[in-house]
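Everything below concerns the one structure shown next.
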Amino acid sequence: MSTIVLSSLHIVLPLLAAPLLPGIINRTKAILAGRRGQPVLQGYFDLLKLVRKGAVYSRTTTWLFRAGPIVNLVTIAMGLLLVPFGGSKALFGFDGDLILFAYLLGLGRFFVVAAALDTGSSFEGMGASREVTFSMLAEPTLFIGLFALSRLSGSMSLSGILYSTGVTGWSVGAPVLVSGAFFMIYLSENARIPVDDPATHLELTMIHEVMVLDHGGPDFALVSYGAALKLWLLGMLLVGVFSPNLAEAPLWFREGYALLGMFVLSVGVGVVESLMARVRLLKVPQLLIGAGALSVLAVILVLE
Amino acid sequence: MSLEILLAAIAVLLLSGVASLIVRRSPGAATFVAVSGALLACLMGLVAAVIVLSGGGYDYLEWAWSIPGGSFALGVDALSAVFLIILFFVSIPVCLFGVPYLRTYGSRQNLGAAWFFTCLLIASMAMVVLARNAVLFLVSWELMSVSSFFLVTFEKGKPEARSASLIYLVAAHIGAALLLVLFLLLGRDGSLDFDQFSVAGNAGLLFILCLLGFGSKAGFVPMHVWLPEAHPAAPSHISALMSGVMIKMGIYGIFRTITFLGNPQPWWGWLLLGIGVTSGTLGVLFALAQHDVKRLLAYHSVENIGIIAMGLGLGLLGLSYGSLPIAVLGFGGAIFHVVNHALFKGLLFLSAGAMAHTTGTREMDKLGGLLKRMPWTASLFLVGSVAICGLPPLNGFASEFLVYMAGLYGSTGTIGGTAVAGLVGMSSLALIGGLAIACFTKVFGVVFLGEPRSVNAGDVHDASPTMTVSMMILGAACLAVGLLAPFAVKALIPVIAIIAHTPLGIAREAVTRATAPLYTVTSVSLILVGVILAAVLLRSMLLRGRIVRTAGTWDCGYAAPSARMQYTAPSFVLPITGLFNRVLKTRRHRERPDGLFPTAAAIETHTPDIFQERLFRPILAGTERLLGVFRWLQHGNVHIYVLYILITLLVLMFWKMR
Amino acid sequence: MQEAVNAIVALMILANFLLLGTGSLRAAIRIVAIQGLALGLLPLLVHEKGLTLRLAIIAVLVILLKGIIIPRVLMKGLRELNTGRGITYYVGPVASLLIGILVMGSSLWWGYLLPLPDQPGYRLAIPMVFFTIISGLFLIVTRRQALMQIIGYLVLENGIYAFGVFFAQSESMLIEIGILLDVFVGVFIMGVMVFHISREFDSIEAGQLSTLKDWFRERRKSTETESPS
């Protein structure tokens, strides 16, 4: 019984805390740039403001444009049912849940891209085209990495794979490589530097931001909230891979490790964004294929 | 009993086909006779097949006939029943859709013949699945090829229809010739009845023959070249039937042959997995580069056949390396994907047909904005797109999930064994999935979203009610099978047991254990649907009483945007086709803008099939050159030809009767 | 019985000579109809076990098809095509008759070498069969009109059928019906062909078909030059 309560809490927590993450990233960037920066809670203020607004829609759009943000948000929220937090089982952990996880994100992407194309704008078409290209390259990397971890942990469920590789796993080195690969996917899927720059003001160089140019009001609130939630969701995956075996640890340590991991990850993203520039779009595939190479290397280490 | 019902259904099909031919002078009567007969037959057949699959067991009939090589043997088991179910189920919307679709051709073309061949095609496919004798099988197989050939040539006036049908005919007969050899080798003991077949030590050779012969019908790369030619040329509902069901007859043949060949050797599985990976990735890549909706869908059939082959290959590897879970998951995924592909590809071809029928073009870059003008057709195409991308909660996900699981189970295997196979399977499925999403967002986005790119696409209405209903049947089936996947898999257990050479009890236990996660998938899918509905409700409540306005799309301050400035299909996929250009070899014809005030510029891309260009065309050209030596024999004069015969005959007579 | 059979055999040989010698399409059709009728009677007389239902059905079918239906179709075609009634030749009637006599001689020789195993009474039967078959082929080769080629084909087929009657008495009904179907389809297709030839070329000379030679290659060349892409 208590495990179900705990698992449910692990769903409620991200739903409430996710907007913190962009705040932490932005604050880190501001501090590193020598500014004071926006409040950490800025994400919540933005959402509140957007939710209270009316809406303006393009004459070209249809119901699909309105459906895009909703489906995207819901699929990400459903991902929370599958990914464990801090070594306790996810609410719906089962053999093969990692496949469902990846395909739920795929469903969300399908609708975001379709909604972008619904406006008939060539900017949004451009962003959509880049989005499908990069995620297409990220997908095999994700599965190869998870395959390696699955072999290492002997489990076929995210709840068994994450937080379980432990000392023997570290000595093999595969989880480190997979973490590196997943960090790339994390940055690319969340539209962060060096793949995409969320702060850019030029439509031609954007990927994710340009796809939501025409969304406004509550729809844009859904988009922003979805983006924050995706940061959390993929962050949980990454923290879970980059973790010692927590099976024997006490509850407070597991929860603390995961929360601290999320915090450190966000700060890390802020640091990366401060130190690096966005790479040329033509270089992004090379970056993602490099991540794929890391995953393959991990599998080779595991298979021997 | 069920076999008698099935035979009656086939008889009804043939009779109504002939009747439609007789009353061909009145297109309306011909259509009515054929369609009502076909619908009746499909319902009868469906009932019988469901009885068999749900536990009616094996039904066998044997009559003596005076053709050498065994008896007129028919049988229906669970494996046949699955294929019969998809055949009869898909035929119902296909026939309904054909009524309004063909009506506009009524004044120019012979509809009686079209319906006759449609009925014949359905009946011959049923016979293929029921036949238990090689002669009967080959005759039905040939009837199937010929009747579909005549349907491909339906629009005789178009040159591309003629060349497509020629390619199709040649491909079908090369395949059939290989099958003849396969069956003669299998039936060396004298009888060509299936239950008398003996392998006699050369199972490997037989397996290769079976892959080549059946693979050319199924569309394995590189034998797929006829698919992208024939599917676009045929009327759309026939494309749905051909792509949804007929190419699956090749898969049926492989399944059936595997049951004759005994225990598989590992290399069979590796070979099939390799074919699957190649067909899957190349199919979807070529699909990405197409501009014609139906041609694109035809390439996606190649992709899905690849996924089926991957499942089959993993299943064979599981069998040969002694891992029952991988075997049942692989085979289960393959057979389940056969069912699912029939449903969503049927739906996609029908809705693409409705779209092309109304707008008069299949060229994506002339379309756009159809979701507003044809809401039903567009929404149903969306359902098909989501399903074919393998996204939850629709049926495509359920079967791809099983194949993925087979790969994931491989993670526990040895390097030489299932581990590498599982890894290859999973990673290529992931790549195929990502490419499929790119491809279908392209089709859906360019054709149905945005603004119309030509006048034709702007001034249209939705498809007729009959068309809409027939598409809805398939769309509803996609959703139902997706949400009820665990029960569908349960129904497939006897089939999996047949393919895996496993006693039913053991197979049932293995399948039940290995597919248990599907129940959770279903519950997550249901929650997903529920939460989405709730979120839609919440959002509309949020906006109540607020100001909701419409305006133009954000154009970055550009003064005069036009519909032609939208992103087009080739530009949408350019990043991907650029990455894979080494394989695709897309040709570009450019007219660059020049001068200070350029007036005209153009770019045109074209991606021909690399296998047709680089493999088959040289072979055929070489053959033609070689045979050109004998060209002087061909005078074109009938008298001379008969003279050859007469001279040969006389020479033989005088020579033998000295 | 034997006399009757021999009379029919002689009638068939005579019909062949007549066909080789005639100059009128109309007469040719009549002769081939008579040959067909004679052929239809043959199985009834040859089979000494008596008249069975099977034999009766086959005889009726053959008489109907070869003696009545096909000749009527040909006559109708002749009227509708509205071309000349005279036969045109590559090899004229006199030469044809001379060659016919030579072939008949060879056929007698072959018949001597290959006697019927169980029916020594019908000495002319086998020569008649060979003569009919070769006459048929000869007619196809040497007559220009497509209509005469149908007739030649019918004669050829009559020979094969007659061989079947004498030689393979125990063959199954299936094969006999199959042969009939074959003839029917053959004549049907040829009829269609004749019709198309006459429509395309305003003549029913099969020699015109040679203009279709290399049709595929020519067509491809022309399409290639039309669209350079």
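Naming: A, B, ... by sequence-line order, numbering from 1 per chain. Here the structure is a predicted model, which is why all the values come from computation and not from measurement. Just so it is clear, the values below take in all heavy atoms, side chains as well, and ignore hydrogens, waters and symmetry mates.
Counted within 6.0 Å of CG on A:Leu48, heavy atoms from surrounding residues, nucleotides or ligands total more than 12; the atom is thus considered enclosed. Heavy atoms from other residues, nucleotides or ligands lying under 6.0 Å from NZ of A:Lys53 number 12 at most. Counting non-hydrogen atoms of neighbouring residues, nucleotides and ligands closer than 6.0 angstrom, the NZ atom of B:Lys366 reaches no more than 12 such neighbours. Within a 6.0 Å radius of CZ in B:Arg513, other residues, nucleotides and ligands contribute 12 heavy atoms or fewer.
Contact between B:Ala398 and B:Ala485 at its shortest, heavy atoms only, is CB-CB, 3.5 Å. Closest approach of A:Leu152 to A:Ala174, counting heavy atoms only: CD2-CB, 4.4 Å. Nearest approach of A:Leu202 to A:Met206, heavy atoms of both residues: O-CG, 3.4 Å.
The stretch residues 213-230 of chain A places A:Leu213, A:Asp214, A:Pro218, A:Asp219, A:Leu222 near chain B, each with some heavy atom under 4.5 Å from a heavy atom of that chain. Within residues 378-386 of chain B, the residues that have a heavy atom under 4.5 Å from a heavy atom of chain A are B:Ser379, B:Leu382, B:Ser385, B:Val386, listed by number.
Heavy-atom distances place the side chain of B:Leu543, and not its backbone, under 4.5 Å from chain A. Contacts of A:Phe94 with chain B are made by side-chain atoms alone, with heavy-atom separations under 4.5 Å and no backbone atom involved. Contact annotation for B:Ser571: only backbone heavy atoms (N, CA, C, O) come within less than 4.5 Å of a heavy atom of chain A. Using a 4.5 Å cut-off between heavy atoms, A:Arg109 contacts chain B through its side chain alone, with no backbone atom that close. In this structure, chain B has no heavy atom under 4.5 Å from any part of A:Ala148. Residue A:Met156 touches chain B through both its backbone and its side chain, counting heavy-atom pairs closer than 4.5 Å. Residue A:Leu282: no heavy atom, backbone or side chain, is found under 4.5 Å from chain B. With a 4.5 angstrom heavy-atom cutoff, A:Phe123 touches chain B only via side-chain atoms. With a 4.5 Å cut-off on non-hydrogen atoms, A:Val299 touches chain B through its side chain but not through its backbone. Residue A:Thr141 does not touch chain B at all, counting heavy-atom pairs closer than 4.5 Å.
Looking at B:His337 and B:Leu402, their side chains never come closer than 4.5 Å, going by heavy atoms from C-beta outward. Looking at heavy atoms from C-beta onward, B:Ser428 lies in side-chain contact with B:Val424 at the 4.5 angstrom threshold. Side chains of B:Thr515 and B:Pro486 form no contact here, defined as non-hydrogen atoms less than 4.5 Å apart. By the 4.5 Å heavy-atom criterion applied to side chains, B:Val489 and B:Val511 are counted as neighbours. Between B:Pro392 and B:Val524, every side-chain heavy-atom pair lies at or beyond the 4.5 Å cut-off.
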Could you list the donor-acceptor pairs under 3.5 angstrom formed by side chains in residues 431-442 of chain B, with sequence neighbours left out?
| from | atom 1 | to | atom 2 | distance (Å) |
| --- | --- | --- | --- | --- |
| B:Thr441 | OG1 | B:Ile437 | O | 2.7 |
| B:Thr441 | OG1 | B:Ala438 | O | 2.9 |
| B:Lys442 | NZ | B:Leu288 | O | 2.5 |
| B:Lys442 | NZ | B:Gln290 | O | 2.9 |

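Among B:Ala535, B:Gly445, B:Pro517, the residue making the largest number of heavy-atom pairs under 4.5 Å with chain A is B:Pro517. In terms of heavy-atom pairs under 4.5 Å with chain B, the best-connected choice from A:Leu81, A:Leu281, A:Leu104 is A:Leu104. When the candidates A:Ser135, A:Ser121, A:Ser157 are compared by the number of heavy-atom contacts under 4.5 Å with chain B, A:Ser121 comes out ahead. Most heavy-atom pairs under 4.5 Å with chain B: of the set A:Ile70, A:Thr75, A:Leu82, this distinction falls to A:Ile70. Ranked by heavy-atom pairs under 4.5 Å with chain A, the list B:Ile527, B:Leu574, B:Thr412 is led by B:Ile527. Between chain A and the residues B:Leu538, B:Val420, B:Leu579, the largest count of heavy-atom pairs under 4.5 Å involves B:Leu579. The greatest number of non-hydrogen atom pairs below 4.5 Å with chain B, out of A:Leu73, A:Val113, A:Asp118, is found for A:Asp118. Listed options B:Gln566, B:Met565, B:Arg549 were ranked by heavy-atom pairs under 4.5 angstrom with chain A; first place goes to B:Arg549. The candidate from B:Met426, B:Met405, B:Arg539 with the greatest count of non-hydrogen atom pairs under 4.5 Å with chain A is B:Arg539. Options A:Phe65, A:Trp63, A:Phe134, A:Phe111 differ in how many heavy-atom pairs under 4.5 Å they form with chain B, and the most are formed by A:Trp63. Ranked by heavy-atom pairs shorter than 4.5 Å toward chain B, the options A:Ser122, A:Ala116, A:Ala102 are led by A:Ser122. Annotation: maximal heavy-atom pairing with chain A below 4.5 Å, among B:Leu528, B:Val521, B:Thr568, occurs at B:Leu528.
With rounding to the nearest 0.5 angstrom, the CD atom of B:Glu400 is 10.0 Å from the CD1 atom of A:Ile99. Here the CD-OG1 distance, from B:Glu451 to A:Thr119, works out to 10.0 Å after rounding to the nearest 0.5 Å.
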Would A:Leu233 and A:Leu80 satisfy side chain to side chain contact (heavy atoms under 4.5 Å, CB included), going step by step from the backbone distance to the final call? CA-CA 7 Å; A:Leu233 182 67; A:Leu80 294 174; 3.8 Å; yes

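The closest side-chain donor-acceptor pair between A:Thr200 and A:Thr205 falls under 3.5 angstrom. Of the N and O atoms on the side chains of A:Ser150 and B:Ser411, at least one donor lies less than 3.5 Å from an acceptor on the other residue.
Judged as a ring pair (Phe, Tyr, Trp, His ring centres under 6.0 Å), the pairs with a partner in residues 389-429 of chain B (not counting sequence neighbours) are, in order, A:Tyr103-B:Phe397, A:Tyr103-B:Tyr404, A:Phe143-B:Tyr404, B:Phe397-B:Phe401.
With A:Ser164 contributing its side chain and A:Gly160 its backbone, the two residues share a donor-acceptor pair below 3.5 Å.
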